[in-house]
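Please read the structure below before turning to the comments.
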Amino acid sequence: MKIEIAENKGLKVIALSGDIDMHSSPELRKELMVLVQKKVSPLYVDFRGVSYIDSSGIATFVEGLKGMMAYGGKLKFVGIPERIMEIFCFAKLDKVFEMYGTMNDACNS
Amino acid sequence: MKEYAAITVPSNPKYLSVIRSVTAAMAGLYGMADRVRDDVKLAVDEACSNVIKYAYRGDTGKKIVVKFFIAKAFEVVIEDSGIKARPECIEGRNLDDVRPGGLGVHFIRRTFDVFAFDKERKKGNRLRLIRHRREEDEDRDRRE
């Protein structure tokens, strides 16, 4: 998995690519929790390059969201591939996370 | 005839990608559609992650054996030499209770019809996962 953190016009974006699994999710957790501790909001996660996610990856985002909710932060997912969306839906998390098709949609929400 | 393949990998999470690749390849040989193949790959990954996490308590120097049997059903057997699982305690979280963890078992159970630990195994665990052929499994593109 590759993690790129970018700031563009004041927007903080984590762009992910590759597989998010038990091997890679600790690194993602570390990066995510640094941003949560800094109380970043909104925080955008670009899923367009993600090819796979397992329960450890999902748990990482649930933990991040819970941390952000403590300070009223917004976590916004962008461009989730269909197969990964299906996993979020099965886990009933499509109603928990804010999900958008494009960065524009996410920014304008 | 039952076709068979097996892999042995270290109990290191970096080898989960290898397990996923082989699982997907075997599911492809069975003739599963891509969508079902992804579900099977996720379920086997979750089961092996549980071996690392619970049976080996994170010890990356042990072994995981994954065996695939292709016949009428698609069967995966996962063996370890770690701490005995307590099947009666294995339960996913309520999906309405949003918190980290507790999803892996749901991913396994929704995909496989049989999720059973071998009670006869003296040391370690042998988990048997069986998916009976379903209409949705068929890779129609391959058949045509």
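All figures in this text were calculated on a predicted structure; none of them were measured in a lab. Here is how names work: the chains are called A, B, and so on, in the same order as the sequence lines, proteins then strands, and each is numbered from 1.
- Using a 4.0 Å cut-off between charged nitrogen and carboxylate oxygen, Lys14(B) and Glu27(A) do not count as a salt-bridge pair.
- Between the CE atom in Met22(A) and the CG atom in Leu16(B) there is a gap of 7.0 Å [rounded to 0.5 Å].
- Proximity to chain A is limited to the side chain of Arg20(B), based on heavy atoms less than 4.5 angstrom apart.
- Donor-acceptor pairing under 3.5 Å is recorded for the side chains of Tyr52(A) and Asp45(B).
- Placement of Val44(B) and Tyr15(B) within a single hydrophobic cluster is found when ILVMFWY residues are connected by side-chain heavy-atom separations under 4.5 Å, directly or transitively.
- Counting non-hydrogen atoms of other residues, nucleotides and ligands closer than 6.0 Å to CZ of Arg48(A) gives a total of 12 or fewer.
- Listed here is the closest heavy atom pair of Pro13(B) and Asp21(A): O-OD2, 4.5 Å.
- More than 12 heavy atoms of other residues, nucleotides or ligands sit less than 6.0 Å from atom CD of Glu7(A).
- The closest donor-acceptor contact from the side chain of Glu46(B) to the backbone of Ser55(A) lies under 3.5 Å.
- A heavy-atom distance below 4.5 Å is not found between the side chains of Arg83(A) and Asp34(B).
- Looking only at side-chain heavy atoms (C-beta outward), Phe107(B) and Asp54(A) stay at 4.5 Å or farther from each other.
- The shortest non-hydrogen separation linking Leu103(B) to Leu93(A) is CD1-CD1, 4.4 Å.
- The hydrophobic clustering, which links ILVMFWY residues whose side-chain heavy atoms are closer than 4.5 Å, places Val22(B) and Ile64(B) together.
- Around the CZ atom of Arg134(B), the shell of radius 6.0 Å holds more than 12 heavy atoms that belong to other residues, nucleotides or ligands.
- Ile7(B) and Val40(B) fall within a single hydrophobic cluster, where Ile, Leu, Val, Met, Phe, Trp and Tyr are joined by side-chain heavy atoms under 4.5 Å apart, directly or via other members.
- Highest contact tally toward chain B, considering only Ile58(A), Val62(A), Leu65(A), is held by Val62(A) [criterion: heavy-atom pairs under 4.5 Å].
- The local environment of CE in Met69(A) is sparse, with at most 12 non-hydrogen atoms from other residues, nucleotides or ligands closer than 6.0 Å.
- Atom CD of Glu86(A) and atom CG of Asp38(B) lie 9.0 Å apart (nearest 0.5 Å).
- Around atom OH of Tyr54(B), no more than 12 heavy atoms belonging to other residues, nucleotides or ligands sit under 6.0 Å away.
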